[in-house]
Amino acid sequence: MAMTDIAQAGHGHHGKPQGLARWLFATNHKDIGSLYLWFSFCMFLSGGVLALCIRAELFRPGLQFFQPELFNQFTTLHGLIMVFGAIMPAFTGMANWMLPLMIGAPDMAFARMNNWSFWLLPPAAALLMLSFIVPGGAAAAGWTLYAPLSTQMGMGMDMTIFAIHIMGLSSIMGSINIIVTILNLRAPGMSLMKMPMFAWASLITAFLIIAVMPVLAGVVTMVLTDRHFGTHFFNAAGGGDPILYQHIFWFFGHPEVYIMALPAFGIVSQVIPAFARKPLFGYASMVYATSSIGVLSFMVWAHHMFVTGMPAAAQLFFMYATMLIAVPTGVKVFNWIATMWEGSMSFETPMLFAVGFILLFTIGGLSGVTLSVAAVDVQLHGSYYVVAHFHYVLVAGALFSLFAAIYYWFPKMTGRLYSERLGKLHFWWSLLWFNVTFFPMHFLGLAGMPRRIPDYALQFTEFNQIASVGAFMFGLGQLIFLFNMLRSLRHGAPAPQLPWDGANTLEWRIPTPAPYHSFVEAPQLEVKENGVVVRLSGGRHEE
Amino acid sequence: MAAPLASANLALLRRLTLAALLMFAFAWGLIPLYRVICEATGLNRVVSADGLPKEQAGLSARPVSLVLDATTEAGLPWQVRPLTRLVAGRTGDFIQLEYEITNNSNRRVVGQAIPRYLPAEAAAHVRKLECFCFSQQAFSPGETRRFPVVLVIDKALPAGVDSVTLGYTVYEVPSGQEGRGS
């Protein structure tokens, strides 16, 4: 079965299928990658609208626009949509598009399964969106869906649970595809310890997904049986324990944080060397750092639960284990800076986003280390400080890296150049308003403003107003990106094969735009660390 | 694509699918594991009898007041009340009090009481020797019973605490779950 799949993707069809069928029955990794990217951008805008509803309500104290019940649905769905609908599919889409090109594979290993992985996502997104209009509204327990809240709500919660099942299945299938592609389909000469960091990051992320998405599926299934089939996993009255939910959820939830961060590390590790015109500093240590972050991520989950009444010994263990993660992360930040050191840098849009990523992600990392101190976390738990922290690592981390990736590979994907002027405007606009939005949240949290509450005490007004203005301006700025993409797709100047003179990985050695069937025959390669191509022979492409 | 590669891909696919299934099973395995860990470490043991406090040399007895309270889970047709709201005692002494429970419904109901202490740091120093919360209690329709509670507040009670509140929350044990969880 797999053989015919690959045969069809690689040799069977010549030329692109036309019309709707091209997308509905897509088996080409580039088509599926594009579907993923457009889907995640739609989800990004939907989740963004929910965020703006939240910020509109929080512009003034008191209740202006939404009742608390609806506000809770907004915060919950904003989180779920951004995590499972925007960030994760965007990275999978990026991996789909670029991995085969970067390692010299003809396509992803299981082309038909790849189609399934994508087409499971729109129904899941529809379930989430439609849950707003069912009786009782959407899930309102926060994206963590803590029991006993999640065991009580209306059918919106059931729809959310099914959506999570479907999205989980999708990401597991996507991950299996990524792992098999990387482990089995690398071109001769592209050894594991030479392949690009983006491939390494995608590989480790895929393993994390296979390890923890089933755990999330399991725990929401328990919530479902508690709701409808009379079990008492999380019901204290029936001998269950709501704290158990938190343990299982965060056993998934913490690796999930790195599922959203590691691919970002991979992208930045490709972009920085290209624009610093130097090889990546400390490639091997990057690989080991990424792997050890992956391993450590399974040992720190209870730092999300410092206020549940854990014994001090457990608090100390999880506190020190969490602090330990700062070591490999610090190694990576050091390596990126060392790569730029004395490089002949130029600051095109991808580089701007990558450098912005390093700066802001490090701020998010530092507030993370602050929160890892159990004694401090007891104060800051559930406050806006936490909101500030994870938006620094998810917006300025994951999202900025995705922008860097899109701008970096846009010429190879489309054969056209994007508008550098609009790209730079998009970066500086995003950088400014991102900080205006999220930096004041540190102060709000330190002053004691709780998250997920539609109203607040009067003394928090000014910082909330600053944050709300920032959020609307940040949201507006993303339309610059959309406009730039749409216009450049049609009217952008034709791109040369190598638009960035410092880029030296395999995907830049094929024609622009990337041929529909690239590497139909595997090339013979000689590569250096981080996938830098020294010598290439053979390797045939077909349109 | 060569056949050996396709079969290698399939073999890896099978192994990764198996890994995903095992992790799904692991999530369910965490339930008994959690119970075993909680029992082994005593972390969740809130409703078992405590031993008498050891003689604490150098600590003198001092007056302490004990405020009593009880609430029932919504839907539990029981009336639960302490016979006295306030008990004045001394640390290190036996304190005896009584709770009265009435089943106001015309069905048999099994309940489980969970104690709670305010301030929280007093919890470790209230040592219950006799309590209706140590086991599930079954009530026939309309039945009323009184339960003695015997406890000692040990002398190591933190200096700032002069008054301790003991409150019970009583939950209904769903039929089929009787005898579990305590």
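Here is how names work: the chains are called A, B, and so on, in the same order as the sequence lines, proteins then strands, and each is numbered from 1. Scope of the values below: all heavy atoms of this structure, side chains included, with no hydrogens, waters or symmetry mates. Keep in mind the model is a prediction, meaning the values are calculated, not measured.
Only the side chain of F251(A) comes within contact range of chain B, with heavy atoms under 4.5 Å apart. At a 4.5 Å heavy-atom cutoff, L216(A) makes no contact with chain B through either its backbone or its side chain. Neither the backbone nor the side chain of T169(B) comes within contact range of chain A; no heavy atoms are under 4.5 Å apart. For chain A, the nearby part of E73(B) is the side chain; its heavy atoms alone come within less than 4.5 Å.
When all heavy atoms of L244(A) and Y34(B) are compared, the closest pair comes out as CD1-CG, 3.3 Å. Pairing each heavy atom of V180(A) with each of L13(B), the nearest pair is CG2-N, 4.3 Å. Nearest heavy-atom pair, I176(A) versus L16(B), reported as atom, atom and distance to 0.1 Å: CG1-CB, 3.9 Å.
A side chain to side chain donor-acceptor pair (under 3.5 Å) check over residues 91-102 of chain B, counting only residues at least two apart or in different chains, returns the pairs R81(B)-E100(B), E100(B)-R146(B), T102(B)-T144(B).
The local environment of CZ in R227(A) is crowded, with over 12 non-hydrogen atoms from other residues, nucleotides or ligands closer than 6.0 Å. Applying the 6.0 Å contact sphere to CD of Q152(A) captures more than 12 heavy atoms from other residues, nucleotides or ligands.
Taking CG of L30(B) as the start and CE of M222(A) as the end, the distance is 7.0 Å to the nearest 0.5 Å.
Of all residues spanning residues 18-28 of chain B, those with a heavy atom less than 4.5 Å away from chain A's heavy atoms are A19(B), A20(B), M23(B), F24(B), F26(B), A27(B), W28(B), arranged by number.
I210(A) has its side chain out of reach of T17(B): every pair of non-hydrogen atoms, C-beta onward, lies at least 4.5 Å apart.
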